[in-house]
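What follows is one structure encoded as structure tokens, with my remarks underneath.
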Amino acid sequence: MSETKAKDETKPNYKKSLNLPKTAFPMKANLVQNEQASIKRWNKLANKEGLYKAMMDTAKGRKKFVFHDGPPYANGSIHLGHLMNKCLKDFVTRSKFMDGYDCPFVPGWDCHGLPIEHKVMTDLVDSGKAKKLETLDDDTRRTAVRKECQSYAAKQVKLQSGQMERLLTVADYKDPYLTMNPRFEASVLEVLSGLCAQGLVYKALKPVHWSIASETALADAELEYQEREDLSVYVDFEAADGDAVYEAFGIEEGARPGSKPSFMIWTTTPWTLPANLAIAVHEKFEYSLVRVDGNLTVMATELVAKVCKGAKSEDVETLATTSGTKLLGLRYKHPLRENAPTPIGEPDADTTSCYTIVSADYVTLEDGSGLVHTAPGHGSDDYLTGLRVGLPVYCPVLGDGTYDETAPEWLAGMSIWDANDLVAKRLTESGHMFHAQKFMHSYPHDWRTKTPVIFRSTEQWFVDVNKPTKRENKGLREMALASTQDGGTVSFVPAWGRNRMRGMLDSRPDWCISRQRAWGLPIPAFTMPDGGAFMTERSSKAVADVVRAHGSDAWFKESPEFLLADYDASSDADAPEALRNGSVSFGDLVKGRDILDVWFESGSSWNAVMRQRSDGQDFPIDLYLEGSDQHRGWFQLSLLPSLGVMGKPAFKTLLTHGFMVDKDGKKLSKSKGAALKDLFDRYGADVLRWWVCSLAYENDVKVDEEFFKLAGENYRKVRNTMRFMLSNLDGYTHEQSGSFDPHSLEAWVLSEFDALSSRVVKAYNEYAFHEVHKLIYNFCNTTLSGQYLSAVKDRLYCDATDSTRRTQTQRALFILTDGLCRLLAPIMCHTSDEAFRALHKIDPKDAEHCVHLTRFPAPTGVVAADGWAGTHALLDNARRILEDARATRGIDNPLDAGLRVADPEGVLAAYCMDDLADLCGVSRFMISESGETIVDDLSDEPRCDRSWKRDGTVKLRADGGMLSDRDANAVGVE
RNA sequence: GGGCCUGUAGCUCAGUUGGCUAGAGCGCACCACUGAUAAUGGUGAGGUCGACAGUUCAAGUCUGUCCAGGCCCA
């Protein structure tokens, strides 16, 4: 220990004469409790209507930035996925507000749909109420179930919005949009009506994904793919006319084998074989007639080896080959049935084309045999092929997954899953089975019940994506592709979202919008006495108005006459003739039982927001921000209706974020994702928000306990920097006016701050929150903590309390702290306000003054001397030399050193040497006369007892202490 | 199987149109300070840029194949 540190009781103690840091702003944030206090305080704003209202009042008259919240599903506590999503949205709305926009944020919830209905039904069964319901008539029962669903959903919305507020997100939580609100429902039906107006809505029998467990059609978005073991079978379909086949293969009559050849098909769904109506081949492929284990069969040449190897058949002989074209039109015998089936309800179905070889270009050589089993009632490719060649849409499977009476009698009434093995057994017994094996593949499952889904043809409502609209004479797909192309009206953040979305638009089928459940918005369609469907632009609009007034329950409770009271069929050109001429009256109509796909509801939210909240002002919407799964979901399903109804996209920009994965980059398991409440309690919302801000959100985001700890640590770093500045402003009263010498440290740091501030605001505007994080963090760490603050410490502590130099420094600190609070406000909502209040000495009872009602900092306009860049370069070099001296000469404490710095360009002379000394942390700074940078060891020079500097002015003073001139002056001794 | 995306120090990320010994921060190690103190400052060690091949005078950067992972689909 050096002698200077030794205590000397005879010397005066100067510590009390210093202006040491003092503040009530605690080092320990105690976020978990204090954030609650902030929330309470913010809630007092705007006459207790809260912060959101206060912000909206403040923003009145500003330029609008319209952001639209995608509705999360109203079920369960919010989880890590919501954390990122909601924080990012909050960063957007808060930063837009602080950048001078009026940015309303109406939160929404998706309230209808199967998950809630499922949960409610489970509860009803558990509580024994379900049985009672079964005794009621259908509409009454549905209404009762819907009532339960409604109160359940309302409860979930309350739960989630409470948690979102706890996350410190600011939104119109007092008046959110709920998809089950009558006014929202009505606006959805308006969209449906608008699509009807363009002639895009139709009803058809089509194979759709069908959940047996839920007994409903499912949308693409309601599917999830899981691994499943299935039976894969190779089946020989015997040719109807052997000679025709031999002819196709060019085998002369004399050379033909006596037995009949077969066509080998492959399928992974043996249960669909009873519905087989055709076999598809590719015209361009080569097919072989082969003898395998004594049987004659046809398959694609390229697959012969593979198929036979799989079946362990070694006795293989190719007799002849031919092209797929030659096989077209050949007939075969169905292995399970004698005659072509007659679909229920279609006694006149044309079955003449059944059991024929047809052409299809989706036949591949990847799997199977090159001959594709075709069942138009059970697959979309099959359906289209059937449509082309004139096959009936035959589907012998009922909604509950059992066969109807048109199936072979040994299958009727049986579940299709049980049928798989039975069909295989039957085929084996009859000698049609070539080979069967179990195999694993990914297979679509009902996202809710986790049960496998089947393709089943049913009567459903669709939105046509190809048919030209009446208004533009262009299909929705074409319009969607045009608006999302490069240079179109929609922009994407990140840019690759464009390709992703366009790829999906390119391949999407017509949108099946109907579901067969209770908890949803009814499709306002009626069935005519002749069985035809009736729904027009004007009839659905009439029902929409009823729903707005009475809610969608009206559909179930009221009569067609009531629902259509304001509808005049005679003047509706789109209405069926029988209705128009009055031969059928409303009383003859039967209400449809389908409800809308929930995606149609959320996909119509732009209309609800536009019409209900802003009289059409807020359309199109500036920004949609969701996970990248929504390219197919909400984004696309909002785009299509808005194009159909408005002729333009609902949004201008689509921003997507990635998904949470575990620390190894693997999909997050459910159990890991659940612990959000726990995270609040351990880290506080500001730390979690600071973490979200740091993320490269466009990619997958790794989550792990460790990362929150790290976020907590560098949160503290920023907090401490703020605290240090606040602690040096004790007793300071800010002067707005006044200038700074361009060569002063203050001019330098404030110009740096201006640069930071404009970069941060730019980053906010580009949604580059990660950049915001980096910029602010580095500024606190490097520019402030490492450079400026460590340089001005001496003058803050040791200069006379109201010396000009110290006051100027405090002015800078005040501006910096105030500015930092504002830049941080969108991220660290609580901490920034806490610091802001401490800085402005706001009374604890005063809730009105709040950083969240302010703007981003205006430029200080302070001009720094041009020479600062060169000066910093010289100082960096000098510090490096100082560091060498420390290592080689043992000058551990920089205050024991003086610097003589080479200044070849002559930039340093304009600066105050004491400022440069403080920037380097040394006691004395001079410009080197020798042209070399030299470190002087000042250990032998006297040290100031008060400032610990050895600046050359230190001497014994009247009070007995060793003081420098500055310190002697500060304590007032000669 | 297809579309889109990701893979750079232990961790999180930067790396414009290919061009000087690949940069930050965290963490770690060491040092200083003990008047920001359950703080603060400084210094340092860490990378065959997922793998392989190709184009080029030159590749983390372009091309292809493969591996691993994510989202969406079949």
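Every chain is numbered from 1 and lettered A, B, ... according to where its sequence line falls, protein lines coming before strand lines.
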Query raised in the report: Is there side-chain contact between A/His872 and A/Gln787, with at least one heavy-atom pair below 4.5 Å?
Result: yes
Query raised in the report: For A/Ser790, what residues pass the side chain to side chain contact (heavy atoms under 4.5 Å, CB included) criterion, not counting sequence neighbours?
Result: none
Query - Basic-acidic side-chain contact under 4.0 Å: A/Lys709, A/Glu705 - result: no
Query - Out of B/G25, B/A14, B/A36, whichever nucleotide has its closest atom nearest the side chain of A/Asn778 - result: B/G25
Query - All ring-ring contact (aromatic ring centres under 6.0 Å, His included) counterparts of A/Phe925, not counting sequence neighbours - result: none
Query raised in the report: Which nucleotide, in any strand shown, forms a Watson-Crick or G-U wobble pair with B/G44, with both distances under 3.5 Å?
Result: B/C28
Query - Residues forming a side chain to side chain contact (heavy atoms under 4.5 Å, CB included) with A/Leu20, sequence neighbours excluded - result: A/Lys15, A/Leu18, A/Tyr797
Under 3.5 Å, N/O pairs linking protein and nucleotides 2-7 of chain B:
from	atom 1	to	atom 2	distance (Å)
B/G3	N2	A/Arg500	NH1	2.8
B/C4	O2	A/Arg500	NH1	3.4

Report task. Classify the nucleic acid contact of A/Gly665 as base, sugar-phosphate or nothing, counting any heavy atom under 4.0 Å across all strands shown. Result -> sugar-phosphate
Query raised in the report: Using the P atom in both, what is the distance from B/C49 to B/G10, to the nearest Å?
Result: 12 Å
Requested in this report: Assign A/Lys666 to base, sugar-phosphate, or nothing according to its heavy-atom contacts below 4.0 angstrom with the strands shown.
Outcome: sugar-phosphate
Query raised in the report: Which part of the nucleic acid does A/Leu18 contact within heavy-atom distance under 4.0 Å: base, sugar-phosphate only, or nothing?
Result: base
**Report entry** Whole-angstrom distance between B/U12 and B/G27, as gauged at atom C1'
**Finding:** 11 Å
**Report entry** For RNA chain B, the residues among residues 23-31 of chain A that have a non-hydrogen atom under 4.0 Å from it
**Finding:** A/Met27
Requested in this report: Determine the contact category for A/Arg886: base if any of its heavy atoms lies under 4.0 Å from a base atom, sugar-phosphate if only primed atoms, P, OP1 or OP2 are that close, otherwise nothing.
Outcome: base
Query - Spacing between A/Arg716 atom CZ and B/U37 atom C1', to the nearest angstrom - result: 13 Å
Query raised in the report: Counting any heavy atom closer than 4.0 Å, what does A/Asn781 reach on the DNA or RNA strands: base, sugar-phosphate only, or nothing?
Result: sugar-phosphate
Query raised in the report: Given atom NZ of A/Lys949 and atom C1' of B/G35, what is their separation to the nearest angstrom?
Result: 14 Å
Report task. Evaluate the ring planes of A/Phe635 and A/His631, with Trp represented by its six-membered ring, and classify them as parallel (under 30°), tilted (30 to 60°) or perpendicular (over 60°). Result -> perpendicular
Report task. Between B/C52 and B/G60, how far apart are the P atoms? Round to whole Å, please. Result -> 12 Å
Query raised in the report: When rounded to the nearest Å, what value does the distance between C1' atoms of B/G46 and B/G41 take?
Result: 22 Å
Query raised in the report: What is the ring orientation for A/His445 with A/Tyr443, classed by angle as parallel under 30°, tilted 30 to 60°, or perpendicular over 60°?
Result: perpendicular
Requested in this report: For nucleotides B/C28 and B/U34, find the distance between their C1' atoms and express it as a whole number of Å.
Outcome: 23 Å
Query raised in the report: Which whole number of Å gives the distance between the C1' atom of B/C57 and that of B/C62?
Result: 16 Å
Query - Watson-Crick/G-U partner (both atom distances under 3.5 Å) of B/C49 - result: none
Query - Touch class at under 4.0 angstrom, heavy-atom based, for A/Glu706 against every strand present - result: nothing
Report task. Report which part of the nucleic acid A/Arg498 touches: base, sugar-phosphate, or nothing (heavy-atom distance under 4.0 Å, all strands). Result -> nothing
Requested in this report: Using the P atom on both, measure B/C5 against B/G64 and round to a whole Å.
Outcome: 12 Å
Report task. Sequence neighbours left out, what passes side-chain hydrogen bond (donor to acceptor under 3.5 Å, both in side chains) with A/Asp510? Give chain and number order. Result -> A/Tyr202
Query raised in the report: If we take the P atom in both B/G18 and B/C26, what is their distance in whole Å?
Result: 33 Å
Query raised in the report: How would you label the contact of A/Lys717 with the nucleic acid (heavy atoms, under 4.0 Å): base, sugar-phosphate, or nothing?
Result: sugar-phosphate
Query raised in the report: Nearest to the side chain of A/Asp892, which nucleotide is it out of B/C11, B/A32, B/C72?
Result: B/A32
**Report entry** By ring-ring contact (aromatic ring centres under 6.0 Å, His included) - contacts of A/Tyr788 (at least two apart)
**Finding:** none
Requested in this report: For A/Ser628, report the nucleic acid contact type (base, sugar-phosphate, nothing); a contact means any heavy atom under 4.0 Å.
Outcome: sugar-phosphate
Query raised in the report: For B/G46, does the glycosidic angle fall within 90° of 0 (syn) or outside that (anti)?
Result: syn
Query raised in the report: With sequence neighbours left out, what residues match A/Phe769 under ring-ring contact (aromatic ring centres under 6.0 Å, His included)?
Result: A/Phe91
Requested in this report: Answer with yes or no whether A/Ser785 presents, from its side chain, a donor or acceptor under 3.5 Å of a partner atom in the base of B/A36.
Outcome: yes
Requested in this report: Check ring-ring contact (aromatic ring centres under 6.0 Å, His included) between A/Phe708 and all other residues, then give those that pass, not counting sequence neighbours.
Outcome: A/Tyr683, A/Trp691
